[in-house]
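Everything below concerns the one structure shown next.
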There are 2 protein chains.
Amino acid sequence: MRTTSIRNMEEFASFSGISRPTVSKYFNDPSSVRRSTREKIERALERCDYQPNIFAINQNRKLTKNIGIMVPYLADPFFAEIARRIETLVISSGYTPILLSSHGDADLEVDNLNSLRAIKPAGVLLAPLGRASNRGAIESFCADFPTVNFDANIEGVGEAFVGHNNAQATAVMLQYLVRSGEPPVFFEMRTPPNPNANKRRIAYIETMEQLGHSPHVVQADGEGWEIEEIGFREGKRAIANRELASGTVFCSNDRLAIGFLAAAYEMGIRVGLGDDCSLRVAGHDNHPFSRFTCPTLTTISHNYSAIAARSVETIMAFIDSGTRASNRESMLFDGELIMRASA
Amino acid sequence: MRTTSIRNMEEFASFSGISRPTVSKYFNDPSSVRRSTREKIERALERCDYQPNIFAINQNRKLTKNIGIMVPYLADPFFAEIARRIETLVISSGYTPILLSSHGDADLEVDNLNSLRAIKPAGVLLAPLGRASNRGAIESFCADFPTVNFDANIEGVGEAFVGHNNAQATAVMLQYLVRSGEPPVFFEMRTPPNPNANKRRIAYIETMEQLGHSPHVVQADGEGWEIEEIGFREGKRAIANRELASGTVFCSNDRLAIGFLAAAYEMGIRVGLGDDCSLRVAGHDNHPFSRFTCPTLTTISHNYSAIAARSVETIMAFIDSGTRASNRESMLFDGELIMRASA
DNA sequence: TCTAAAAGTTTACTCGCGTAAAAATTTAAA
DNA sequence: TTTAAATTTTTACGCGAGTAAACTTTTAGA
């Protein structure tokens, strides 16, 4: 039928033959009412298209059913992918995800935090910009709302951190590259927008020394999130200036590697493992597009599903318990070596 | 100071020395109150951190300041890019963007429509899935909220359509390819997830005939949004089976082209314009990554900024006027040929 | 069948703000 | 200064649901 037009819970209650407080109880938790009551309500629900007013619901609740998800740059397929997984998990937990991107801008990050404040989220999953972030703003936000920090760690911020084990991952790749050929130089941005980069450089240097090789870091100039462009431009420069002390290049991340591969291609340098190849290139992240570079990119994968799942589980645990973390836990998931054609 | 803790507009009003209704008026439109009043309020605002409760605000308003933005697949960098631009424009118009992705799923698209209903958006910018969309659900949504359809047209849905001129763009590329070499075959998905594909095929066939060449369409099997993967797998198959009737391949979109390029590379076929190249490949969309393929991809760009700007302007016009469209306008923006190394 | 526990009903108040109407005040033009 | 127009203040009600308290009915166990 769906002809009956119902304006509010009062009308729906009388339509369904159940009192309003009980109907309200049902919408907050269907299992909190008697089975026969639930069935009456659900039968009524099928015969009209009532749905409680979300603004009125949240007005009196200190805690909504909203989960904020905030990433530094959604146009980066890495974040798009992890956000997609997290969104799906949040929905299946019965919460409403609110996805926000800072578009690489620290001011917008603060604005987004304020937007989130306004909707009183039950919890927030936050991948901060990192260095550029306004630490004070994030701290005061986290004091007010349970927040799980993911991907980029800001020490002391939020209830917990869930991320990628950069040290282990870097070491695994390095061991592979050394065992299968020449020890690599490390290619990175001088001022990377994402704080994982520093961990990777440090891990590179340490592991190289442990393996008895001397580390070589080649740094690319350039600011911002146009990372492929920087990898391309600075890759060409590094090749032309013969700055690469090795025939193997380990890029700090896949986007840089994608740019670097394009540079090598344009300069007529064959990349890969074949006899006709003069360069090996590896990346880090298992970026969604790394399977389709030329040659396909050898890289280390984040454990996307574990990171997404654990982040959501963790925030849910804090929400359900209503407690805050006594000691901030850091959960790191190991990376997995993805061997492809480039190294 | 920011020590005064203010709970609601009542308290803020007495704190600022202005009556509550006037304060309310100020928040709805700062320019609607006398300058001296505005200054008093703004001075008070600086001395405390009050901000009106968004749920209470929206409860009584028929029209909120929310603008819904819905795309079929946010993990596709094309949509991430256009969404990013639209979001920015919406913010600078003083509205709050709510970004939703259907993740390629028609059921989720309907769910998203319901989520949007719940927040009573002032207007919606909708890029539908297309073929797979639940047309009835979208129609009834558009009947209730002013909606501007973009990227993928569903005839008769929404107040207006803003999109890319597939016919013009296809013709321009085709003319270029023909003039500079062999007439191309057209490489596309048999069942594309996005409705632009059909327009492109039709334009290809028509333009080829106009130019006096016989069209050849090569179709790739496969469903869903893993488009590079399909381009890669089916590209290899097409090459191996010698299905390509020409040394020039015009791909229906850049993601397909990226997969196709990877296939060619893996099979040792050199792509480009040089004498040592046996294949030319072109794409369509100017995907953010098309600058970094090997070789860089010759393609046709959407007029991203114009499409984003016009979409936002159009919805704003309907919101401001409070009217609905008498006749549904279709606005198409021409594509621009981007000549790179692949063709 | 009796009884206590569980669940539903009534009644009534709250939340924070939009908004309308009438009265009071301020401002700007004459 | 007078006057009309523009603003602000007062007062009061409404929105749609959460929720508490007291009371009534249903259910399940003995």
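Residue numbers begin at 1 in each chain, while the letters A, B, ... track the order of the sequences. No experiment lies behind these values; they were computed from the predicted model shown.
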Test salt bridge (charged side-chain N to carboxylate O under 4.0 Å, His left out) applied to Glu42(B) - qualifying residues, sequence neighbours left out: none

Qualifying residues under side chain to side chain donor-acceptor pair (under 3.5 Å), relative to Ser101(A), sequence neighbours excluded: His103(A)

Start and end of the DNA chain C segment that chain B contacts, any atom under 4.0 Å from a heavy atom: dG16(C) to dT27(C)

Contact pattern, 5' to 3', of nucleotides 16-30 of chain D - B, S or - by protein heavy atom under 4.0 Å: BBBB-------S---

Non-neighbouring partners of Asp151(A) that pass salt bridge (charged side-chain N to carboxylate O under 4.0 Å, His left out), sequence neighbours left out: none

Return a table of donor-acceptor pairs under 3.5 angstrom between the side chains of residues 306-317 of chain A and protein atoms on other chains or two or more places apart.
{"from": "Ser311(A)", "atom 1": "OG", "to": "Ile307(A)", "atom 2": "O", "distance (Å)": "2.7"}
{"from": "Thr314(A)", "atom 1": "OG1", "to": "Arg310(A)", "atom 2": "O", "distance (Å)": "2.6"}

Pairs involving residues 108-134 of chain B, ordered by first then second residue, that meet salt bridge (Lys or Arg N to Asp or Glu O under 4.0 Å) (sequence neighbours left out): Arg117(B)-Asp144(B)

Where at least one partner belongs to residues 314-333 of chain B, residue pairs that pass salt bridge (Lys or Arg N to Asp or Glu O under 4.0 Å), sequence neighbours excluded: Glu155(B)-Arg328(B), Glu159(B)-Arg324(B)

Side chain to side chain donor-acceptor pair (under 3.5 Å) partners of Ser326(B), counting only residues at least two apart: none

